[in-house]
Protein chains: 2
Amino acid sequence: MDDNNNTEIDMKSLKRKTLSEQVIDEIINLLMTGKLKPGDRLPSEQEFMKMCNVSRPVIREALASLEVMGIVNRKTRHGTFFSEQIGSRPFAMMLALSASNLSSIIEIRVALELGLVTLAAEKITDEDLERLKETIEKMKKLPTEDSSEEDKEFHKIIAHSAKNPLFEGVINPLQQFHDQMLGNIPIEDRDLKVTLEHHINIYDALVKRDPVEAYASMYHHLNYVKNKAINNLHRI
Amino acid sequence: MDDNNNTEIDMKSLKRKTLSEQVIDEIINLLMTGKLKPGDRLPSEQEFMKMCNVSRPVIREALASLEVMGIVNRKTRHGTFFSEQIGSRPFAMMLALSASNLSSIIEIRVALELGLVTLAAEKITDEDLERLKETIEKMKKLPTEDSSEEDKEFHKIIAHSAKNPLFEGVINPLQQFHDQMLGNIPIEDRDLKVTLEHHINIYDALVKRDPVEAYASMYHHLNYVKNKAINNLHRI
DNA sequence: TACATTTAAATTGTAAGACAAATAAATTAA
DNA sequence: TTAATTTATTTGTCTTACAATTTAAATGTA
């Protein structure tokens with residue numbers, strides 16, 4: 001503090017880090033430095049207390065936080081382990097903050113679906129393609145215009161075909177959030193023939209494993225769906 | 001338990017929910033139901049204790065978890081508030097679990113950048129375009145092949161032009177993680193002229209506000225970058 | 001000896017009480 | 001009226017104790 005007095009130092013922009021946040025940082029660092037890997041067992045609460053020289057509630061707050069984020073799993077008597085992969089719950093919780101800004105949710109979902117279909121074009125297996133084809137065949141036999149279940153299934157297969165758990169952890173909550181908060185597009189707004197045509201175009205592009213064509217088809221489809229979703233939104 | 005004994009009930013698939021997790025669910029529900037909005041003040045710890053009939057450490061674990069996720073902000077004497085928007089930290093922490101699977105990180109980043117450039121094509125402002133042009137002009141004057149700073153800036157402007165805080169909260173950690181864990185592509189692998197051409201193509205598409213062309217240009221660019229990043233990865 | 005049951009142990013889960021730290025609000029002094 | 005001081009409020013940390021869960025070890029029985 002005997003430094004140059006003319007230097008403006010904005011001390012207020014520093015946020016004080018609680019002890020539990022510091023413990024979290026240490027634990028995250030174990031992963032980032034490769035000292036521990038997904039699946040590995042962490043030290044027990046008692047051991048952490050000794051290592052970090054803090055009280056047990058501080059450790060518990062840190063671990064509870066990491067568990068809610070899906071980064072660790074805690075089991076009585078067994079211990080605490082790093083998760084093998086992230087799940088959907090953390091991102092689903094984060095989405096709650098945008099619950100009142102649904103158009104932004106729709107927007108990011110569209111963007112992610114477009115990125116996803118690119119990945120799928122590169123990585124999709126014959127098995128995945130077969131399953132996509134099945135949803136298309138199922139849609140051809142539908143008795144009504146309501147293809148919402150098949151539509152969801154179609155998008156889920158594409159999400160799965162990317163074989164990227166992190167991506168799935170992000171897109172699954174979006175798909176579910178979208179369904180939950182927006183409900184389904186009203187029946188009278190549906191055109192099974194158009195949706196089916198869109199799905200077939202996307203499928204064909206994926207068969208060719210052509211990312212740009214897959215993208216263009218998906219973009220076309222999602223714009224159709226997005227406009228209906230936003231119209232539905234304005235009706236609420 | 002005097003039900004039909006022939007029904008198989010897999011009780012093991014139910015995970016016991018701790019009290020703090022239940023408190024978290026209640027708080028998230030406040031957001032989901034619109035009872036409270038981003039920016040609103042939550043009840044104090046003492047009030048929660050009374051409402052939920054649990055001890056203070058349970059409340060604190062719940063609130064600490066929500067704070068790490070960026071969903072709430074806690075200030076001494078002031079209280080606890082829902083955040084206005086999500087930040088980057090939660091997703092950055094989630095990424096730590098994939099620290100040992102870098103190709104999957106690269107992959108999801110590419111997918112997200114592609115979705116993002118679509119959004120940008122729809123929403124970009126003249127101001128954003130001007131800033132993109134500035135990075136391009138700056139690149140034209142670079143003395144060496146090292147355009148990593150300008151490349152980062154280019155992608156950051158695009159991320160910002162989508163004007164979607166949630167999306168930014170996801171893509172920023174990916175951009176930073178990528179930079180931090182992968183470092184920069186070695187100088188001898190760089191071709192300023194190619195990168196510049198890619199950026200110009202993307203910029204031109206954005207000027208036209210053409211999503212498919214923006215996508216195709218970005219895909220071309222990111223494939224170039226991705227291959228170099230993966231080659232660099234194999235060298236480590 | 002093998003299997004079943006009981007007990008002990010290890011770790012997480014919860015509660016209560018006390019004090020500390022930060023800071024806004026209220027009160028007092030100039 | 002403004003500035004300084006004090007008080008009050010809320011979060012932050014710690015200690016202690018007990019509860020709950022679950023697995024391993026020990027004991028009992030056939």
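Atoms considered below: every heavy atom in the structure, side chains included; atoms not considered: hydrogens, waters and symmetry mates. Here is how names work: the chains are called A, B, and so on, in the same order as the sequence lines, proteins then strands, and each is numbered from 1. Remember, predicted model here, so these are calculated numbers, not experimental data.
- With rounding to whole Å, B:Asn73 atom CG is found 17 Å from D:dT10 atom P.
- Closest to the side chain of B:Glu61, out of D:dT10, D:dC14, C:dT14, is C:dT14.
- Ranking D:dT11, D:dT15, C:dT12 by closeness to the A:Arg74 side chain, first place goes to C:dT12.
- Comparing A:Thr18 and B:His78 by the nucleotide of DNA chain D that holds the closest heavy atom to each, the one mapping nearer the 5' end is B:His78.
- Nearest nucleotide to the side chain of B:Val58, out of C:dG13, C:dT14, C:dA18: C:dT14.
- In this structure, NZ of B:Lys50 is placed 10 Å from P of D:dT10, rounded to the nearest angstrom.
- Judged by distance alone with a 3.5 Å cut-off, a donor-acceptor contact links the side chain of B:Arg56 to the base of D:dT13.
- Among the heavy atoms of the strands, none lies under 4.0 Å from B:Leu63.
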ring-ring contact (aromatic ring centres under 6.0 Å, His included) evaluation trace for A:His160 with A:His155
CA-CA 9 Å; A:His160 181 75; A:His155 287 278; over 10 Å; no
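- Set against D:dT10, C:dT14, D:dT13, the side chain of A:Leu19 has D:dT13 as its closest nucleotide.
- Rounded to a whole Å, the CZ atom of A:Arg77 is 14 Å from the P atom of C:dA8.
- Atom pair B:Glu45:CD and C:dC19:P shows a separation of 18 Å (rounding to whole Å applied).
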Passes salt bridge (Lys or Arg N to Asp or Glu O under 4.0 Å), A:Glu149 versus A:Lys138? Steps please.
CA-CA 10 Å; A:Glu149 288 306 314; A:Lys138 229 190 283 185; over 6 Å; no
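- The CD atom of A:Glu21 sits 15 Å away from the C1' atom of C:dA21 (whole-angstrom rounding).
- Rounded to a whole Å, the NZ atom of A:Lys75 is 13 Å from the P atom of D:dA24.
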Under the salt bridge (Lys or Arg N to Asp or Glu O under 4.0 Å) criterion, do A:Arg89 and B:Asp25 qualify, and how do the steps go?
CA-CA 11 Å; A:Arg89 195 177 178 223; B:Asp25 288 346; 2.6 Å; yes
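- Within a 6.0 Å radius of NZ in B:Lys163, more than 12 heavy atoms belonging to other residues, nucleotides or ligands are found.
- Across C:dG13, D:dC14, C:dT11, the shortest atom-to-atom separation from the side chain of A:Arg60 is found for C:dG13.
- The CD-P distance, from A:Gln46 to D:dT16, rounds to 12 Å in whole Å.
- Residue B:Thr76 has no polar side-chain atom (N or O) positioned under 4.0 Å from OP1 or OP2 of C:dA22.
- Around the NZ atom of A:Lys75, the shell of radius 6.0 Å holds no more than 12 heavy atoms that belong to other residues, nucleotides or ligands.
- As a whole-Å value, the separation of A:Ile59 CD1 from D:dC14 C1' is 12 Å.
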